[in-house]
Amino acid sequence: MIKLIASDMDGTLLNDKMEVSDRNLQAIKDAQESGIEFLIATGRGIGEAKPFLRGKVTPGYITLNGAEVFDNKENLVSSNPISIDSKIKIVNILRTHNIYFELITNKGIFSENLDLRISSLADLLLKLNPGTTREDALKQTKEKVKGVPMTYVDSFEDILADSSYEIMKMIAYDPGEAKVLGPVMDKINNLSDVVVTSSAPNDIEINSVDAQKGMALLEYAEKRGIKQSETMAIGDNLNDASMIKSAGIGVAMKNAIPTITDMADEYTDTNVNDGVAQAIEKVIADNKKNI
């Protein structure tokens, strides 16, 4: 019997318009009303993730790939920042390779270049939803960034030098994808206390080794007396791998990358066809049979 479901956002809960469909929202609500806890498990911060739900549901959140975890009342449950030593090394690697990146901190999200943020997110939207034109992707992205609590600065240097800023996650983008990001990922992976994942071909996401979706899911479950076998995780990309492996049932989206598909226990439809809702509806029906 499943008592806790965690779902990724991009490429999973979000459709090709970067929205949570009415069916997905209703499925989450139905799950909660049937006694199933629901977690959004995302690389986004809570301020960036919450607006997608339009105030229709109040889940818990595994954010920034597990760097911060919140309960359904938005109380901070755990926090796992990148170490001071590693943050400097990572920044030097990214600067050396001329990679655009953003800092997600305990005091907000920071970027040094609005134009590069828009183009990078538009590329991400295109990768997650191949049917979208670049013109539409840019238009949607420009609208979306208006609602994101992002601060634009001329330089990150003051933030990096101020110990009161904890770096919860760094995300880097490059249109060269694996050709450019692959060598960068290899160098950062040589640092022993960080982990590098990805949510799309044109990005890499860098966290503390203690900040992973799978670890966060199981810790959250344990605190609520929920067994590993009673958890389910739904995802599509590399930053979902730890929770797909850790959950009692790992569910891959039909649009998932092969790595996720290969490790999953079950499968559901695409993000465009409300695959998350279909997976939740199946769980609710199966739970009723086991009462």
Side-chain angles (χ1 to χ4, degrees), residues 2 4-34 36-66 68-70 72 74 121 124-125 127-132 140-141 144 147-148 171 197-200 203 205 213-214 216-217 220 231-244 247 249-257 260-261 264 266-284:
I2 297 300
L4 173 61
I5 299 174
S7 173
D8 172 52
M9 292 196 81
D10 293 276
T12 303
L13 188 62
L14 300 182
N15 60 22
D16 57 338
K17 295 183 175 66
M18 297 296 280
E19 297 173 344
V20 181
S21 71
D22 289 339
R23 182 178 177 184
N24 278 343
L25 286 170
Q26 186 61 51
I28 295 170
K29 186 176 181 180
D30 291 344
Q32 292 175 320
E33 290 178 349
S34 72
I36 300 169
E37 288 202 47
F38 192 85
L39 290 172
I40 298 292
T42 177
R44 298 170 184 267
I46 190 170
E48 190 178 0
K50 187 178 173 182
F52 286 100
L53 302 178
R54 294 178 269 150
K56 299 290 183 67
V57 292
T58 54
Y61 292 88
I62 296 171
T63 66
L64 308 175
N65 293 330
E68 291 185 330
V69 181
F70 300 85
N72 62 0
E74 297 183 25
L121 292 180
L124 172 61
L125 181 59
K127 292 297 177 183
L128 294 174
N129 304 285
T132 303
Q140 289 182 44
T141 301
K144 294 292 183 184
V148 175
I171 184 165
T197 59
S198 175
S199 59
D203 78 26
E205 303 181 8
K213 290 183 180 182
L217 172 60
Y220 190 95
T231 64
M232 172 183 278
I234 311 169
D236 75 305
N237 220 307
L238 288 178
N239 66 346
D240 304 317
S242 64
M243 71 173 184
I244 295 294
I249 299 176
V251 181
M253 301 295 291
K254 191 174 182 179
N255 53 284
I257 63 171
I260 299 299
T261 301
E266 295 183 3
Y267 311 92
T268 189
D269 211 331
T270 67
N271 63 317
V272 177
N273 292 327
D274 299 325
V276 170
Q278 292 183 44
I280 294 172
E281 290 160 3
K282 181 178 182 298
V283 165
I284 293 171

Just by distance, do the side chain of Thr63 and the backbone of Glu68 share a donor-acceptor pair under 3.5 Å? yes

Measure the shortest side-chain to side-chain distance between Ile46 and Glu74 over non-hydrogen atoms and say whether it is less than 4.5 angstrom. yes

When rounded to the nearest 0.5 angstrom, what is the spacing between OG1 in Thr42 and OH in Tyr61? 10.0 Å

After noting the C-alpha distance and the side-chain angles of Lys254 and Asp236, does the key distance pass the salt bridge (Lys or Arg N to Asp or Glu O under 4.0 Å) rule? CA-CA 8 Å; Lys254 191 174 182 179; Asp236 75 305; over 6 Å; no

Could you list the residues that satisfy side chain to side chain contact (heavy atoms under 4.5 Å, CB included) with Thr58, not counting sequence neighbours? none

Smallest heavy-atom separation, Ser34 atom then Ile284 atom, equals OG-CG1, 4.1 Å

If you look at every heavy atom in Met243 and Ala41, which pair is closest and at what distance? SD-CB, 3.7 Å

Please give me the minimum heavy-atom distance between Leu4 and Tyr220, naming the atom from each residue. CD2-CD2, 4.1 Å

When you measure from the side chain of Asn273 to the backbone of Thr270, do you find a donor-acceptor pair of N or O atoms at a distance under 3.5 Å? no

With sequence neighbours left out, what residues match Glu205 under side chain to side chain donor-acceptor pair (under 3.5 Å)? Asn65, Lys169, Ser199, Asn239

Between Asp22 and Arg54, is there a side-chain N and carboxylate O pair less than 4.0 Å apart? yes

At their closest point, which heavy atom of Asp269 faces which heavy atom of Asn255, and how far apart are they? O-OD1, 4.4 Å

For residues Thr261 and Tyr267, determine if any side-chain heavy atom of one lies less than 4.5 Å from a side-chain heavy atom of the other. yes

Judged by modelled atom types alone, do Gln26 and Asp30 share a side-chain donor-acceptor pair under 3.5 Å? yes

Do Asn271 and Leu13 touch side chain to side chain, with heavy atoms closer than 4.5 Å? no

Kindly determine whether Asp8 and Ile234 satisfy side chain to side chain contact (heavy atoms under 4.5 Å, CB included), including the steps that lead there. CA-CA 6 Å; Asp8 172 52; Ile234 311 169; over 6 Å; no

Verdict with supporting geometry, Lys213 and Thr197, side chain to side chain contact (heavy atoms under 4.5 Å, CB included): CA-CA 11 Å; Lys213 290 183 180 182; Thr197 59; over 6 Å; no

List in chain and number order the residues that pass side chain to side chain contact (heavy atoms under 4.5 Å, CB included) with Asp16, two or more places apart in sequence or in another chain; answer none if no residue qualifies. Asn129, Val272

Heavy-atom pair of closest approach, residues Val276 and Ser7: CG2-OG, 3.6 Å

Rounded to the nearest 0.5 angstrom, the CE-CD1 distance for Met232 and Ile244 is 9.5 Å

Can you name the side chain to side chain donor-acceptor pair (under 3.5 Å) partners of Ser198, sequence neighbours left out? Asp203

Please enumerate all residues that pass side chain to side chain contact (heavy atoms under 4.5 Å, CB included) together with Thr141, with sequence neighbours excluded. Ile118, Leu121, Ala122, Leu125, Val145

Could you check if a side-chain atom of Ile28 sits within less than 4.5 angstrom of a side-chain atom of Lys56, using non-hydrogen atoms only? no

Check against side chain to side chain contact (heavy atoms under 4.5 Å, CB included), Arg44 and Met9: CA-CA 9 Å; Arg44 298 170 184 267; Met9 292 196 81; 4.1 Å; yes

Correct closest heavy-atom pair for Phe38 and Ile280 would be CE1-CD1, 3.7 Å

Would you indicate whether the side-chain heavy atoms of Ile249 and Thr231 approach each other to under 4.5 Å? no

If you apply the rule side chain to side chain contact (heavy atoms under 4.5 Å, CB included), what do you find for Leu39 with Leu217, and how did you get there? CA-CA 8 Å; Leu39 290 172; Leu217 172 60; 4.0 Å; yes

Partners meeting side chain to side chain contact (heavy atoms under 4.5 Å, CB included) with Asn15 (sequence neighbours left out): Lys17, Glu19, Ser21

Looking only at atom types and distance, does a side-chain atom of Asn24 sit under 3.5 Å from a main-chain N or O of Ala277, one as donor and one as acceptor? yes

